[in-house]
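Heads up: the structure comes next, in structure tokens.
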Amino acid sequence: DHGENKLHQVWTPALGFGRHIDYTSEGILAYLLAAGSTTHPILADPDLPGGGADAYYAYSRGNFGRILGRFGRDGRPLLQTYFGSLFTYLYRSLLLDFGGLRDAFHFNWDQNTREAILANFRFAQDNAGAGYSRLYWGLSASDGPNGYQGLYGAPPLDVGAGGVVHDGTVAPYALAGSLAYAADLALPALQHLASLQGGKFFDIYGLKSGVNIPQNFFDSGYLGIDQGCLLLGLERYRTGQVAQLVRQSPVIQQALAALG
């Protein structure tokens with residue numbers, strides 16, 4: 001969008017482009033690619049860090065880009081996503097090794113991912129009445145008892161999201177995606193889910209999309225995007241090779257240099 005100098009989120013044949021990527025989310029990966037682009041740069045903006053020449057900072061424009069939320073009884077800070085679904089924090093960290101780099105806001109994405117996982121875990125423990133426990137957590141978009149629910153998540157989240165959406169459903173892929181950042185919390189829970197139904201919840205393609213033990217819902221199918229997160233999460237934990245290879249890309253190297 002040249003008028004607002006931001007990337008669009010969607011396109012449909014009937015309506016054309018719609019919605020902007022203007023909130024902390026996995027969409028930041030698109031701005032990183034733009035920051036490394038030599039053919040389709042986002043124009044400079046003097047209100048952004050360093051004169052705004054770096055496309056990565058474009059999503060920070062306006063009221064939605066960077067909102068610092070709080071979670072837990074001690075009010076720990078977290079750069080929040082819109083509806084708190086764990087995948088919105090995990091995807092960028094699974095695909096790219098930031099190596100502890102901080103941007104011009106002195107922000108560390110790896111640290112924020114770890115804090116988001118902790119927020120999700122703590123919310124689950126504080127809502128044990130819904131069936132959650134230390135071995136049963138991971139609130140993220142997945143199949144549930146009433147079909148696919150894209151809004152499953154945990155605080156903090158935007159007031160416009162209408163509140164936390166959860167019903168006792170957890171997503172195995174979210175636990176796999178958390179391994180590299182919180183194996184002490186995620187691995188026991190992932191092993192527990194793999195043992196459900198006498199091991200039948202773990203099948204040829206791995207763990208299925210969602211499970212809700214209190215409502216006796218065990219998903220019978222897989223979602224490709226969830227399995228991608230599951231596989232990337234396992235490999236990020238084992239070797240980190242995929243994220244390291246992505247980081248070696250010349251475009252990504254230029255993008256990371258643009259972070260300041």
**Request:** Tell me, with the steps shown, if Ser249 and Gln253 meet side chain to side chain donor-acceptor pair (under 3.5 Å).
**Result:** CA-CA 6 Å; Ser249 161; Gln253 285 291 310; over 6 Å; no

Ignoring hydrogens and angles, tell me if any N or O in the side chain of [X] forms a donor-acceptor pair with the backbone of [Y] under 3.5 Å.
{"X": "Gln125", "Y": "Ser133", "value": "yes"}
{"X": "Asn127", "Y": "Ala130", "value": "no"}
{"X": "Asn112", "Y": "Leu79", "value": "yes"}
{"X": "Asp158", "Y": "Gly160", "value": "yes"}

Taking all non-hydrogen atoms of both residues, which atom of [X] and which atom of [Y] are closest, and how far apart?
{"X": "Pro172", "Y": "Lys208", "answer": "CG-O, 3.4 Å"}
{"X": "Val165", "Y": "Leu151", "answer": "CB-O, 3.4 Å"}
{"X": "Ala180", "Y": "Arg236", "answer": "CB-CG, 3.6 Å"}
{"X": "Ala183", "Y": "Tyr237", "answer": "CB-CE1, 3.6 Å"}
{"X": "Asp97", "Y": "Gln244", "answer": "OD2-CG, 4.0 Å"}
{"X": "Leu86", "Y": "Ala116", "answer": "CD1-O, 3.9 Å"}

Joint cluster assignment, [X] & [Y], ILVMFWY side-chain distance < 4.5 Å:
{"X": "Leu223", "Y": "Leu139", "value": "no"}
{"X": "Ile225", "Y": "Val242", "value": "yes"}
{"X": "Tyr148", "Y": "Tyr91", "value": "no"}
{"X": "Leu231", "Y": "Leu94", "value": "no"}
{"X": "Leu207", "Y": "Leu187", "value": "yes"}

State, with a plain yes or no, whether a side-chain heavy atom of [X] is found less than 4.5 Å away from one of [Y].
{"X": "Thr169", "Y": "Ser142", "result": "yes"}
{"X": "Glu115", "Y": "Phe71", "result": "yes"}
{"X": "Phe218", "Y": "Asn216", "result": "yes"}
{"X": "Pro214", "Y": "Asn212", "result": "yes"}
{"X": "Tyr82", "Y": "Thr88", "result": "no"}
{"X": "Asp110", "Y": "Leu101", "result": "no"}
{"X": "Leu157", "Y": "Thr81", "result": "no"}
{"X": "Ile117", "Y": "Leu90", "result": "yes"}

**Item:** Asp184 bridged to Arg134 by N-O distance under 4.0 Å
**Value:**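 So Asp184 does not pair with Arg134 through a salt bridge.
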
Taking atom [atom1] of [X] as the centre, does the number of heavy atoms from other residues, nucleotides or ligands within less than 6.0 Å exceed 12?
{"X": "Leu135", "atom1": "CG", "answer": "yes"}
{"X": "Tyr205", "atom1": "OH", "answer": "no"}
{"X": "Gln241", "atom1": "CD", "answer": "no"}

Mind checking the [atom1]-[atom2] spacing from [X] to [Y]? Nearest 0.5 Å is all I need.
{"X": "Glu235", "Y": "Leu179", "atom1": "CD", "atom2": "CG", "answer": "11.5 Å"}
{"X": "Gln197", "Y": "Ile213", "atom1": "CD", "atom2": "CD1", "answer": "9.5 Å"}
{"X": "Asp143", "Y": "Asp219", "atom1": "CG", "atom2": "CG", "answer": "4.0 Å"}
{"X": "Tyr136", "Y": "Leu193", "atom1": "OH", "atom2": "CG", "answer": "7.5 Å"}
{"X": "Leu118", "Y": "Leu185", "atom1": "CG", "atom2": "CG", "answer": "7.0 Å"}
{"X": "Ile28", "Y": "Leu33", "atom1": "CD1", "atom2": "CG", "answer": "12.5 Å"}

**Request:** Could you go through the side chain to side chain contact (heavy atoms under 4.5 Å, CB included) check for Thr24 and Arg92 one step at a time?
**Result:** CA-CA 11 Å; Thr24 302; Arg92 57 179 174 267; 4.1 Å; yes

Which class fits the ring pair [X] and [Y]: parallel under 30°, tilted 30 to 60°, perpendicular over 60°?
{"X": "Phe107", "Y": "Trp109", "answer": "perpendicular"}
{"X": "His166", "Y": "Phe123", "answer": "perpendicular"}
{"X": "Trp137", "Y": "Phe121", "answer": "perpendicular"}

**Message:** Under a 3.5 Å cutoff, is there a donor and acceptor pairing between the side chains of Asp126 and Tyr132?
**Reply:** no

**Item:** Ser195 and Gln191: side chain donor to acceptor below 3.5 Å
**Value:**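 There is no such pair between these side chains.
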
**Message:** With side chain to side chain donor-acceptor pair (under 3.5 Å) as the criterion, how do Tyr152 and Asp167 come out once you've worked through the C-alpha distance, each side chain's angles and the decisive distance to 0.1 Å?
**Reply:** CA-CA 8 Å; Tyr152 286 142; Asp167 59 7; 2.8 Å; yes

**Request:** Starting from the C-alpha separation in whole Å, work towards a yes-or-no answer on side chain to side chain contact (heavy atoms under 4.5 Å, CB included) for His20 and His8.
**Result:** CA-CA 4 Å; His20 297 101; His8 283 287; 3.7 Å; yes

**Asked** Between Ser178 and Tyr181, is a side chain to side chain contact (heavy atoms under 4.5 Å, CB included) present by the stated rule, with each step listed?
**Response** CA-CA 6 Å; Ser178 300; Tyr181 295 91; 5.8 Å; no

**Request:** For the pair Leu256 and Phe98, evaluate side chain to side chain contact (heavy atoms under 4.5 Å, CB included) and give the outcome as yes or no after the intermediate values.
**Result:** CA-CA 8 Å; Leu256 292 176; Phe98 286 88; 4.2 Å; yes

**Message:** Is there a side chain to side chain donor-acceptor pair (under 3.5 Å) between Gln80 and Tyr23? Walk through the geometry before answering.
**Reply:** CA-CA 9 Å; Gln80 68 185 42; Tyr23 211 109; 3.0 Å; yes

**Message:** Tyr173 vs Ser140, test: side chain to side chain donor-acceptor pair (under 3.5 Å). Steps then yes/no.
**Reply:** CA-CA 9 Å; Tyr173 77 85; Ser140 193; 2.7 Å; yes

